[in-house]
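Here's the structure, in structure tokens; my notes come after.
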Amino acid sequence: MPIRSFEPFPESCIPTALGVYQILDALLARHAKVYFISERMGSILRRGLQFFPPQALQPVVQPVMQRMASCFEETGYASYLWIIGKVTARFGESAVGPGGDALAGLLGGAFDKVTQVLAERLHSRTAIEMPDGESSAPCLSSLLCLACLLPVT
Amino acid sequence: MDDYTHAFMAYLTTVPDLTLSIPSLPLAISHTLSALSCPAPEVIRVSLDVLAKLASLLSTAPALQPIFHQYGKGILSLILQGVVQDFPEDGSDEVEKVIVATITVGGAESEAWAAEALAGVPGHVLPQADRQVFVTELQE
């Protein structure tokens, strides 16, 4: 049975979200164009959005949104687009609240960018020809194995 | 297109004011109409949800009205052709909302839009008599 989260969430685990994402981000920097990685990444990030509380995810939002937008621009893979929607669904309320201007700019900028990118892609193909990725079970162990292959800097 | 329309829906639901202020909003609506033309029930369903959501925001977002008007002919065309052909039945509530909003925004032009849209439907799918009934009801 999958663990959705912990309640209460251990304080010592708060920094884990950022730590994990730094590994995933490094993987995307090198392998964003690999389709199955985009699929696994979407699945893992979605589960991470559910697993970690907002205070753990806050430092991750900006790098995630920027990376997803740039990966979508680079590849057109649906998973990157999907995560943008998921992050907004999770943090949109914070963007309209007090002090949410920066977050609002980030969310709005990401959607604006992917909308422009999609427009460019639709110049060369029709909507029917745009593939949609199907969600699949995450293969976290495989992903972490790949992450371990990254050179230590 | 499925994921784009889902993302658009998430934005409209969670941060509607922000979404309606995005410079590429007309493009986003165009993409939604492109998605509506995909022969996949799930994509059609979420596209209709997006259009219905936009329709619900028209009264509170005056800036949205000219954009909706800009795409009114295309919206009505896709919706009417979809209704008589291959739209999923559980989207009928959203279809009604979108048609009402498009006709309201289009005003007198909407009659011509509807007539042109229905002209594109094959006669064996929609008999001439039924077309005339719809156009008459629209005028009323």
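Convention: sequence-line order gives letters A, B, ...; per-chain numbering from 1.
Taking a cutoff of 4.0 Å between a charged side-chain nitrogen and a carboxylate oxygen, B:Arg45 and B:Asp49 qualify as a salt bridge.
Among B:Val15, B:Asp17, B:Leu25, B:Thr14, the residue with the largest count of heavy-atom pairs under 4.5 Å with chain A is B:Thr14. Contact count versus chain B (heavy atoms, under 4.5 Å) is highest, among A:Leu107, A:Val114, A:Ile83, for A:Leu107.
The 12-atom threshold is exceeded at CD of A:Gln55, counting heavy atoms of other residues, nucleotides or ligands nearer than 6.0 Å.
Note on ring orientation: taking the six-membered ring where Trp is involved, the planes of A:Phe111 and B:Tyr4 are parallel (angle under 30°, cut-offs 30° and 60°).
For a residue to count as touching a neighbouring chain, one of its non-hydrogen atoms must lie under 4.5 Å from one of that chain's; by this rule B:Leu27 touches chain A with backbone and side chain alike.
There is no side-chain donor-acceptor pair under 3.5 Å between B:Thr102 and B:Tyr71.
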